[in-house]
*Asks:* 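Pasting in a structure now, in structure tokens, and then I'll have a few things to ask.
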Protein chains: 2
Amino acid sequence: MNKKTTIYDIAKKLDTTAATVSRALNNNPKISASTRKLVLETAAQMNYKQNKLALALQSGKSGNIGVIVPRIDSNFFASVIRGIEDELQPEGYHVIICQTHENEKREIENINTLLNAQVDGILMSASNVSKENNSIIKRVIEKNVPLIFFDRKKNIDGVSSVTINDFEGGYLATKHLIGEGCTKIAHLTGDQSLEIYENRNNGYKKALQDSGIEYNEDYIIQTKSSVEAGRQAVEKLLKLKNPPNAIFSSSDFAALGAIQELKEQGIRIPEDFCVFGFGNEPFTKFMELSISSVDQSPMEMGKMAAQVFLEQVNSTEKFKIEKKVVLNPELHIRKSSLRHAL
Amino acid sequence: MNKKTTIYDIAKKLDTTAATVSRALNNNPKISASTRKLVLETAAQMNYKQNKLALALQSGKSGNIGVIVPRIDSNFFASVIRGIEDELQPEGYHVIICQTHENEKREIENINTLLNAQVDGILMSASNVSKENNSIIKRVIEKNVPLIFFDRKKNIDGVSSVTINDFEGGYLATKHLIGEGCTKIAHLTGDQSLEIYENRNNGYKKALQDSGIEYNEDYIIQTKSSVEAGRQAVEKLLKLKNPPNAIFSSSDFAALGAIQELKEQGIRIPEDFCVFGFGNEPFTKFMELSISSVDQSPMEMGKMAAQVFLEQVNSTEKFKIEKKVVLNPELHIRKSSLRHAL
């Protein structure tokens, strides 16, 4: 009685082929709407794969999920997307990706593009938090398209998010540098209107405060997340009357640039200067002078964001579920900041 | 008389706001279909931005372009996509991305997903060349959705492609290694059913032949494009009775793994062993022991693929244009293979 229903059972009942049933279930446009409806209904009667079906039966659902990221060419975002795909594909969803290049106008265009493509949900990492694109976000919510933020969130009522504890990441990295004997620690920060950078900055400040080290405005440099920006930041810092002897960078790319510039100026790492990055990009491990970094569990973040989405679409509750999931960061301590044995 | 028409002119004529005109032109779903039609027709009469308009006026066009790649987390594919975006966005197109993870089933799903999302064209790098998904490709062609291959192409009549000269890349890299005094050169190749790997392999063979070096089957290892695969290949090669003293790898990731393994086994690079990669991923330059690699002009490749697409959709010819664009590879010679001064 409990034998699992297969597509062959459904095909037999409908006197058609398993291939046709499979195509109908997989939303293949080769199959006519009427055949598809018949297959779905029969499959439902026979208790075939309830989850995927529940989805397909809701008319107007495309099975497509849109993911918006600032950039695809960082291991962090690529891994988050991998996590989302791994979680959603077994449920019958297909993931389509757009990137904004940190450009607000493109973010708005991307949301429109995905809405036009009839996506069933949008999972996004915001490129900025300016108010200007709040109207488009409002439209997503009004259209009842589930929206989940990951990593870079906007604080909007009723919208769920999955982030890591960036404050804790900044705190622990800075504490580690202090423990290695660094007393003059600079911080390369990002766009302060983004919570992630504000929180990393606050964690850094708190660590200094807890260790009785004075906060020095001159040591805070706002940089883009790029190798070139990291180089320029070091140039600036080394020109100070009282230059720092360590850097906590909110970006691995900027940390790499910083290291390149320090080396070119003949400064020894970690003996004279320690560097700590953020993101745990694969190259931080590959380098001969491997770079210490904060890991953000991107696969986990993607999986969690996908789960929050699934909960939301599969919920039978009348009210909206708002979830704020916060993952823990993890330090990876490597040569660029390690003076003492672990 | 030649004054360029602006959205303000159109707004004035229609007694509406510039914002409304802009939204209508940008396909914003806030605007009703009738308003949009009116704006588009008026704009056409007033000769506003002919290109974008021609597109929008063709009913049923979404303005969305689908790009399919094996993976987004390589600088190569990310850069090709960047090139495509840079070329298509000014023309009013929006790019949505799908990845296959080299999985044939996902490739078919991705094509279906994009067709369901009503894309106006598909630019793709094939994950495999098995015949099994030729039927879906055929369907794309039948639906008159322009299809352009880049990097990894299938040979299908009437379908354009943009590739680099992989044969030449393999030939030049191997010739360089021979010039550095390497006589026993192994080759890490990829899936031989993909033309790119077959061509790199053939270039390698021809270079050996032209230099009177015998081809040795034992020196050919098929690997995935990953660090771990490169490590395993070196383990295998070093166990040979007559191990090689150089590697030409068809992947930078495998080249990196090879270098890691060689170093761990106490082999000096480039003194005892030279390594040459393919792809010119940014990390090849970042490493202290920088890795020689073949550059594939990915931005250029993306731009060319986009231009071929635009030519195709904007063509007034009745027949199909089939273009095969082949870009030249460029060697970047770095420490991992450089024994003599350049």
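Convention: sequence-line order gives letters A, B, ...; per-chain numbering from 1.
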*Asks:* For Pro70(A), check side chain to side chain contact (heavy atoms under 4.5 Å, CB included) against everything at least two apart and list the hits.
*Replies:*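 Testing Pro70(A) for side chain to side chain contact (heavy atoms under 4.5 Å, CB included), a comparison that skips the adjacent residues, returns Phe77(A), Thr100(A), Glu102(A), Ser125(A), Ser127(A), Arg152(A).
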*Asks:* Going by side chain to side chain donor-acceptor pair (under 3.5 Å), name the residues that satisfy it together with Lys105(A), two or more places apart in sequence or in a different chain.
*Replies:*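 In terms of side chain to side chain donor-acceptor pair (under 3.5 Å), with neighbours along the sequence ignored, Lys105(A) is linked to Glu109(A).
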*Asks:* Can you tell me how far apart NE2 (His94(B)) and CD1 (Ile111(A)) are? Round to the nearest 0.5 Å.
*Replies:* 12.5 Å
*Asks:* In the structure I gave you, are the side-chain heavy atoms of Ser62(B) and Asn116(A) within less than 4.5 Å of one another anywhere?
*Replies:*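 Ser62(B) vs Asn116(A): side chains apart.
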*Asks:* Can you tell me which of Ser79(A), Ser74(A), Cys98(A) forms the most heavy-atom pairs within a distance under 4.5 Å of chain B?
*Replies:* Cys98(A)
*Asks:* In the structure I gave you, are the side-chain heavy atoms of Ile96(A) and Thr113(B) within less than 4.5 Å of one another anywhere?
*Replies:* yes
*Asks:* Got Ile81(A) and Ile72(B) here, is their nearest side-chain heavy-atom distance under 4.5 Å?
*Replies:* yes
*Asks:* Less than 4.5 Å to any heavy atom of chain B: does that hold for the side chain of Val227(A), its backbone, both, or neither?
*Replies:*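 Looking at Val227(A), just its side chain touches chain B.
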*Asks:* Is chain A contacted by the side chain of Val67(B), its backbone, both, or neither, given a heavy-atom distance below 4.5 Å?
*Replies:*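 Val67(B) has no heavy atom closer than 4.5 Å to chain A.
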*Asks:* I'd like to check the salt bridge (charged side-chain N to carboxylate O under 4.0 Å, His left out) partners of Arg82(A); sequence neighbours left out, ordered by chain and number.
*Replies:* Asp86(A)
*Asks:* Roughly how far, to the nearest 0.5 Å, is CG of Asn75(A) from CG of Asp73(B)?
*Replies:* 6.5 Å
*Asks:* Can Gln99(B) and Glu85(A) be counted as having a side-chain donor-acceptor contact under 3.5 angstrom?
*Replies:*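 Side chains of Gln99(B) and Glu85(A): pair found under 3.5 Å.
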*Asks:* Using heavy-atom distances under 4.5 Å, tell me whether Arg106(A) contacts chain B through its side chain, its backbone, both, or neither.
*Replies:* side chain
*Asks:* If the contact rule is any heavy atom under 4.5 Å from chain B, which residues of residues 260-286 of chain A qualify, in numerical order?
*Replies:*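 Within residues 260-286 of chain A, the residues under 4.5 Å from chain B are Gln260(A), Lys263(A), Phe286(A).
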*Asks:* Report which part of Leu289(B) has an atom under 4.5 Å of a heavy atom belonging to chain A: side chain, backbone, both, or neither.
*Replies:* both
*Asks:* So for Arg139(B), is it side chain, backbone, both, or neither that comes closer than 4.5 Å to the heavy atoms of chain A?
*Replies:*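 Interface part for Arg139(B): side chain.
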